[in-house]
*Asks:* 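Below are the structure tokens for one structure; questions will follow.
Excluded from the calculations below are hydrogen atoms, water molecules and symmetry mates; all remaining heavy atoms, backbone and side chain alike, are included. Lettering of chains follows the sequences in order, A, B, ..., and the numbering in each one begins at 1.
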Protein chains: 2
Amino acid sequence: MASPGKRTSRSGSNKVRIEEVARLAGVSAITVSRALNTPQKVNEATRNAVLKAVEDTGYIPNRLAGSLASNRSRTVGVIVPTVTNSIFADKIKGLSDVLSEAGYQILLGQSGYSPEVEAELVSALLAQSPSGLVITGSAHALRTHTLLGRADIPVVETWTNAEAPVDMQVGFSNEDAAFAAVAHLAAGGYRSLALVVAPMVHNDRALGRKRGFDRGLAHFGLRQTLPPIEAEFSLRNGADALARVIEAQPQTDAIFFANDVLAAGALLECRRRNVAVPDRIGIIGFDDLEIASEMVPRLTTVAVPRYDIGANAARMLLRRLAGETIQPKLTLDFEVVARESTRRTCGDRV
Amino acid sequence: MASPGKRTSRSGSNKVRIEEVARLAGVSAITVSRALNTPQKVNEATRNAVLKAVEDTGYIPNRLAGSLASNRSRTVGVIVPTVTNSIFADKIKGLSDVLSEAGYQILLGQSGYSPEVEAELVSALLAQSPSGLVITGSAHALRTHTLLGRADIPVVETWTNAEAPVDMQVGFSNEDAAFAAVAHLAAGGYRSLALVVAPMVHNDRALGRKRGFDRGLAHFGLRQTLPPIEAEFSLRNGADALARVIEAQPQTDAIFFANDVLAAGALLECRRRNVAVPDRIGIIGFDDLEIASEMVPRLTTVAVPRYDIGANAARMLLRRLAGETIQPKLTLDFEVVARESTRRTCGDRV
DNA sequence: TAACTCGATGTTAGCGCTACCATCGAGTAA
DNA sequence: TTACTCGATGGTAGCGCTAACATCGAGTTA
């Protein structure tokens, strides 16, 4: 019973192939392909016959073969530092919602904030012939630039608004947003500030926020009480940073946390230490996560378009793949959301 | 200059193909393939020559073609309800860490807790011929079961410990964990409980926790003051649920929130309302997210192996793909972490 | 009626890689 | 020496699908 000669079927699987569907529908394989991929090119009656055959056989097209033949994979590579940071989870949600609507799948990679790992991931994802790539930030290893330059696919950088993107870009100015945060603190009468920010090496978002902070200090004539504290996002790290600031530089009257999780951790530490917020010390965060609006006191923060970065990156990619010529740089808005963790003065608009 | 006859190259891309690497290395294509995929089958000198040629040309293997030819894609489909729930982000991190180490890519799908969307995703992911599938829970649409049954690949169900898994399973007993939570409350002297849980329709984790809660009530002779409140995870929903409970049934002396985010929201609401925790009301959460240990008061909760579920699911999949026969059901441990949001009595071990 | 258009469908030849089998030469056993 | 094994390498034929071109018949124009 086994085939005697060459391999007639290498796959041990019992998968239905397009040929079988074609036979059942009484058409050729290419017509089945067209009925599924470009239905408008197939007569309605034929199409229905094909769809019925697909239904009856339980046919699932082999996209690997289709992609290989057509040179279009309907797959998008997505690289984030980590999914466990909810700002990136929100971005992925935005990407996923738009892409799956259009029939695209997401290939996910996590770089752990390492440019070397990112380069490896780019290489690994390119091997899958994705239709496009969505990456985070604009600071990449040289090898990444080489790879992206050689790969002939659309690339969207997110969470950044660099001068010269690799290809396309969706984000906002981290620097301007941080500046706005400082402006808000200045308007509240705070004068002696501290900065707590994510580790800045290889992280252009964090770096931009520091630059905006520095620009704000200079512009409003404020002073910085101690060098920036670099801490990965976690409540504990925020609490520790708060402790370090008020112990080392008790005259500090406000702290800018470049992340709401850090800021929330600090607020909780203030509670434990009975430090009055916003009077003894003002706290401003960044991202406008849900925790900001629910903390006691409620946390002033900078709202950024976390979900929309993803959704717009996806739309940009799809338009480009559809052959539209598009504006390659999209700069979205941010907004300072004044709440109870900072003093307000009238007319505090940014 | 353009090729006159048939398409000589359909892809407009300038990608390097295996043939070119082979020529440069002075070997055949198949030897290049072997040098990259099964290096031990190639003489060391030859291997080095190939690797040098790969380096020089910047060759990136076309995995689509490779997968099609070999019927192994080194891709794993992962379906979660949403990445924005950090418990699933942690699971994905665990999966990703183990799988990328082994050279596998993740194809990600989000079902939004809908069995119908999940079925669509299973179908879409199967079309990519993944080496395996990791899905969430054990409550699936009929179509999903049909698809998984027909697909001849390993499947891991996670976050559950159903009697009869589709194939493999990594999780813990949500019911036992919830029972343990109630046991802890009972030991603290709480007698009139309320339950706040994720919407239970199509969510076997939530359902299991409710069952464990009910079993705990019966076993310890406690009463439930109002029907379970179903709420999606968010701080606000937790706060609202707390408000609803103490307004509708003020005699309630403890609440079991089947999720730390809900519980944390409730703790914050208690603060706003000056409700004393744990004396006026005890609060216990679930998941042991970082927020639990940082809240004021610190939140008693049930620690569950969020990351390990993903890591173990990945390892299971890899072992199975390597041909090992493995125990298909892995039940991990949970632990009640007693903190300040519930009263303790001595010997409170679960 | 001839010439042409156009929608619908089919035939053929790959996409880039790897499974299968063949080959070949060196080492080993008799 | 002959026969055999065995590691290393290569030739060939697909994997399942779709691009490109061909075909064919009905409708349309002059």
Side-chain angles (χ1 to χ4, degrees), chain A residues 2-23 25-50 54 57 59-74 126-129, chain B residues 2-23 25-50 54 57 59-74 126-129:
Chain A
S3 52
K6 307 285 171 174
R7 58 177 173 179
T8 22
S9 172
R10 270 199 310 217
S11 72
S13 146
N14 47 357
K15 277 185 202 155
V16 179
R17 292 187 308 286
I18 200 171
E19 197 56 58
E20 187 170 334
V21 177
R23 206 177 325 120
V27 296
S28 70
I30 189 70
T31 299
V32 175
S33 171
R34 279 196 276 251
L36 295 175
N37 297 316
T38 51
Q40 75 282 2
K41 290 191 180 174
V42 172
N43 181 289
E44 190 177 339
T46 314
R47 187 165 67 236
N48 290 336
V50 170
V54 167
T57 52
Y59 172 62
I60 294 182
N62 184 331
R63 284 251 218 157
L64 255 37
S67 301
L68 182 61
S70 68
N71 207 33
R72 291 178 306 108
S73 72
R74 290 179 165 260
L126 286 178
Q128 307 274 7
S129 308
Chain B
S3 52
K6 307 285 174 173
R7 58 174 177 180
T8 24
S9 173
R10 275 202 304 221
S11 72
S13 146
N14 47 358
K15 278 184 203 158
V16 180
R17 290 187 308 287
I18 201 170
E19 198 56 57
E20 187 170 335
V21 177
R23 208 177 324 119
V27 296
S28 71
I30 187 71
T31 300
V32 174
S33 171
R34 278 196 276 251
L36 295 175
N37 296 317
T38 50
Q40 74 283 2
K41 290 190 183 176
V42 172
N43 181 290
E44 190 177 341
T46 314
R47 186 164 67 236
N48 289 337
V50 169
V54 167
T57 51
Y59 172 63
I60 294 182
N62 184 330
R63 284 248 219 158
L64 254 38
S67 301
L68 181 61
S70 69
N71 205 34
R72 292 179 304 110
S73 73
R74 288 180 167 260
L126 286 179
Q128 307 275 7
S129 309

*Asks:* So does A/Asn71 get a side-chain nitrogen or oxygen closer than 4.0 Å to the phosphate oxygens (OP1/OP2) of D/dA19?
*Replies:* no
*Asks:* So what is the end-to-end bend of the helix from C/dT1-D/dA30 to C/dA30-D/dT1, with 5 pairs used at each end and the value given to 10 degrees?
*Replies:* 40°
*Asks:* Taking side chain to side chain contact (heavy atoms under 4.5 Å, CB included) as the definition, give me every residue that meets it alongside A/Ser129, ordered by chain and number, with sequence neighbours left out.
*Replies:* B/Lys15, B/Asn62, B/Leu64
*Asks:* Between atom OG1 of A/Thr31 and atom CG of A/Leu36, what is the distance when rounded to the nearest 0.5 Å?
*Replies:* 11.0 Å
*Asks:* So how far is it from A/Ser67 OG to B/Gln128 CD, rounded to the nearest 0.5 Å?
*Replies:* 6.0 Å
*Asks:* Kindly give the heavy-atom pair with the smallest separation between A/Ala22 and A/Ser28, and that separation in Å.
*Replies:* CB-C, 3.6 Å
*Asks:* In whole angstrom, give the distance that lies between atom NZ of A/Lys15 and atom C1' of D/dC15.
*Replies:* 11 Å
*Asks:* May I ask you to evaluate whether A/Ser33 reaches the phosphate of D/dT18, defined as a side-chain N or O under 4.0 Å from OP1 or OP2?
*Replies:* yes
*Asks:* Could you check how far CD of B/Glu19 sits from P of C/dT18, rounded to whole Å?
*Replies:* 12 Å
*Asks:* Check the interface with nucleotides 5-9 of chain D: list each N/O to N/O pair with the protein under 3.5 Å, or write none.
*Replies:*
residue : atom : partner : partner atom : Å
D/dT9   : OP1  : B/Thr46 : OG1          : 2.5
D/dT9   : OP2  : B/Asn43 : N            : 3.0

*Asks:* In this structure, how many angstroms lie between the C1' atom of D/dG16 and the CG atom of B/Leu126, rounded?
*Replies:* 16 Å
*Asks:* How long is the gap from CG on A/Leu68 to CG on B/Leu68, to the nearest 0.5 Å?
*Replies:* 6.0 Å
*Asks:* What is the distance, to the nearest angstrom, from the CG atom on A/Leu68 to the P atom on D/dC17?
*Replies:* 12 Å
*Asks:* To the nearest Å, how far apart are A/Arg72 CZ and D/dA19 C1'?
*Replies:* 11 Å
*Asks:* Between atom CG in B/Leu36 and atom C1' in C/dT18, what is the gap in whole Å?
*Replies:* 12 Å
*Asks:* With B/Arg72, which residues qualify under side chain to side chain contact (heavy atoms under 4.5 Å, CB included), at least two apart?
*Replies:* B/Ser70, B/Arg74
*Asks:* Give the minimum heavy-atom separation between B/Val21 and B/Val54, together with the two atoms involved.
*Replies:* CG1-CG2, 3.8 Å
*Asks:* Got a list of side-chain donor-acceptor pairs under 3.5 Å for residues 42-50 of chain A, not counting sequence neighbours?
*Replies:*
residue : atom : partner : partner atom : Å
A/Asn43 : OD1  : A/Ala45 : N            : 2.8
A/Arg47 : NH1  : A/Pro39 : O            : 2.9
A/Arg47 : NH1  : A/Val42 : O            : 3.1
A/Asn48 : ND2  : A/Glu44 : O            : 3.4

*Asks:* Rounded off to whole Å, could you give me the CD1-to-P distance for the A/Ile18 and C/dT11 pair?
*Replies:* 14 Å
*Asks:* Where along residues 59-66 of chain A does a heavy atom come under 4.0 Å from DNA chain D, residue by residue in number order?
*Replies:* A/Tyr59, A/Pro61, A/Asn62, A/Ala65, A/Gly66
